[in-house]
Amino acid sequence: MRIGFIGLGLMGVPMCQRLLQAGVALTVWNRSPGKADGLCRQGAVLVQSVAELVVSCDVVMLCVSDTDAVQQLLFAADGIARHARGGQLLVDFSSIAPAATRDMAARLLAQTGMRWVDAPVSGGVRGAESGQLVIMAGGEVADIDALRPLLAQLGQRVTRMGPVGAGQVTKVCNQLIVASNAMLIAETVRLATAAGVDAGQLAPALAGGFADSLPFQILAPRMAAHCFEPVQWRVATLLKDLGNALALGQESGSTLPIATLAQQLMQQHAGQAGNAQRDLASVIELYDG
Ligand code: NA7
């Protein structure tokens with residue numbers, strides 16, 4: 001089985017590395033050239049077009065920024081749908097809107113016979129590098145089961161949450177907690193510092209207690225030290241996720257007051273030139289005197 005992977009960003013590259021280390025035959029493509037160099041040295045085959053990738057692979061994996069990016073890759077003039085065939089599977093690791101996922105999956109199936117599994121991940125770059133991602137899947141049971149050996153190279157757990165779109169709904173829930181928590185962690189780091197405590201000690205001091213979490217362990221020390229490199233999570237990525245959460249809240253008649261506030265604060269930060277592409281820890285600057 002040949003696997004194609006599109007989207008060699010912060011998450012895509014380490015996910016591809018894990019697949020290559022497991023001996024998977026991998027073909028890759030990325031919009032901007034150059035990002036595949038390291039992967040090619042590890043055995044990946046780089047193709048020059050989406051068409052070439054789709055024609056040569058059985059499973060096409062995506063890990064791209066947002067709903068628009070997935071939409072373009074699928075339905076642009078020379079996109080995936082143009083070259084897909086029945087029996088192929090599309091696995092979307094990107095975190096995108098659930099409603100758009102259902103629409104695109106239905107259109108892809110009707111036009112080509114290619115089936116869709118949404119499989120957004122949580123665990124960040126560190127989880128991707130160590131193969132410890134948490135994977136939330138939506139799709140047919142048989143399709144997800146067929147993917148399990150591959151997904152096991154990437155994640156510690158794969159949970160089928162329901163039909164197509166259910167993985168994305170679950171990821172929205174995940175990001176509601178992560179993004180809102182990130183703002184609260186920034187507030188906490190600022191409070192500790194202002195009140196005369198070394199905020200750099202918060203993460204080790206609170207480890208294992210009720211306030212602890214993976215984002216807390218990653219973000220609190222970076223916020224305390226104003227250390228924003230290397231980028232682990234882009235502000236733009238979390239803002240996109242909050243947007244998806246608030247849209248899903250509207251669609252489902254759920255009010256999300258904390259997420260609404262987190263979005264306002266993050267938008268304020270991202271409004272400064274360049275901040276959207278910086279690491280999430282940089283939101284601490286909102287609280288700098
Ligand atoms: P990054 O590091 O911002 O990478 C985004 C990737 O998506 C990168 O490869 C981009 O290509 C690609 N991209 C973005 N827009 C497009 C379009 N229109 N067409 C093709 N490819 C595109 O994000 P992460 O790796 O952190 O996250 C990826 C997803 O996982 C995201 O949904 C997260 O929420 C979870 P580029 O290199 O810029 O040409």
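The shown structure was predicted, so the numbers you read here are calculated from the model rather than taken from an experiment. The first residue of the sequence shown is numbered 1, and numbering continues consecutively from there. First listed ligand is number 1; within each ligand, the first listed atom is number 1.
Look at Lys240 and Asp66 and you find no salt bridge, because none of the NZ, NE, NH1 or NH2 atoms lies under 4.0 Å from a carboxylate O.
Taken to the nearest 0.5 Å, the CG atom of Asp143 stands 13.5 Å off from the CH2 atom of Trp116. In this structure, the separation between OG1 on Thr159 and CD1 on Ile144 is 10.0 Å, given to the nearest 0.5 Å.
Residue Gln72 touches ligand 1 through its side chain alone, judged by heavy-atom distances below 4.0 Å. Of the heavy atoms in Leu10, both backbone and side-chain atoms come closer than 4.0 Å to ligand 1. Under 4.0 angstrom from ligand 1, the non-hydrogen atoms of Asn30 all belong to its side chain.
In terms of protein heavy atoms, atom 3 (O) of ligand 1 is closest to Arg234 NE, 2.9 Å. Protein heavy atom in closest approach to atom 29 (C) of ligand 1: Val64 O, 3.3 Å. Among all protein heavy atoms, the one lying closest to atom 38 (O) of ligand 1 is Arg31 NH2, 2.9 Å. Residue, atom and distance of the protein heavy atom nearest to atom 5 (C) of ligand 1 are Ser65 OG, 3.4 Å.
Counting Ile, Leu, Val, Met, Phe, Trp and Tyr side chains that sit under 4.5 Å apart, directly or through other members, Val55 stands alone, with no cluster partners.
When every heavy atom of Val125 is checked against every heavy atom of Gln232, the shortest pair comes out as CG2-O, 3.5 Å.
Of the candidates Met15, Lys35, Met11, it is Lys35 that places a heavy atom closest to atom 37 (O) of ligand 1. Remark: among candidates Ala69, Ala76, Ser95, the nearest residue to atom 35 (C) of ligand 1 is Ser95, based on non-hydrogen atoms. Remark: among candidates Pro120, Cys63, Ala36, Gly9, the nearest residue to atom 28 (C) of ligand 1 is Cys63, based on non-hydrogen atoms.
For the residue pair Thr27 and Arg2, a side-chain donor N or O sits within less than 3.5 Å of a side-chain acceptor on the partner.
In summary, of the residues considered (Ser95, Cys173, Ser122), a side chain to side chain contact (heavy atoms under 4.5 Å, CB included) with Met136 occurs for Ser122 alone.
Counting non-hydrogen atoms of other residues, nucleotides and ligands closer than 6.0 Å to CD of Glu140 gives a total of 12 or fewer. Shown here is Gln272, whose CD atom has no more than 12 heavy atoms of other residues, nucleotides or ligands within 6.0 Å. The environment of CD in Gln250 is sparse: at most 12 heavy-atom neighbours from other residues, nucleotides or ligands sit within 6.0 Å.
Residue-ligand proximity, Gly7 to ligand 1, at heavy-atom distances under 4.0 Å covers atoms 9 (O). When each atom of ligand 1 is checked for a heavy atom of Thr237 under 4.0 Å away, the hits are 33 (C), 34 (O).
Taking any N or O of Ser94, backbone or side chain, none lies under 3.5 Å from an N or O belonging to ligand 1. By the 3.5 Å distance cut-off applied to N or O atoms, Lys240 is counted among the residues near ligand 1. Considering backbone and side-chain N/O atoms, Ser32 comes within less than 3.5 Å of an N/O atom of ligand 1.
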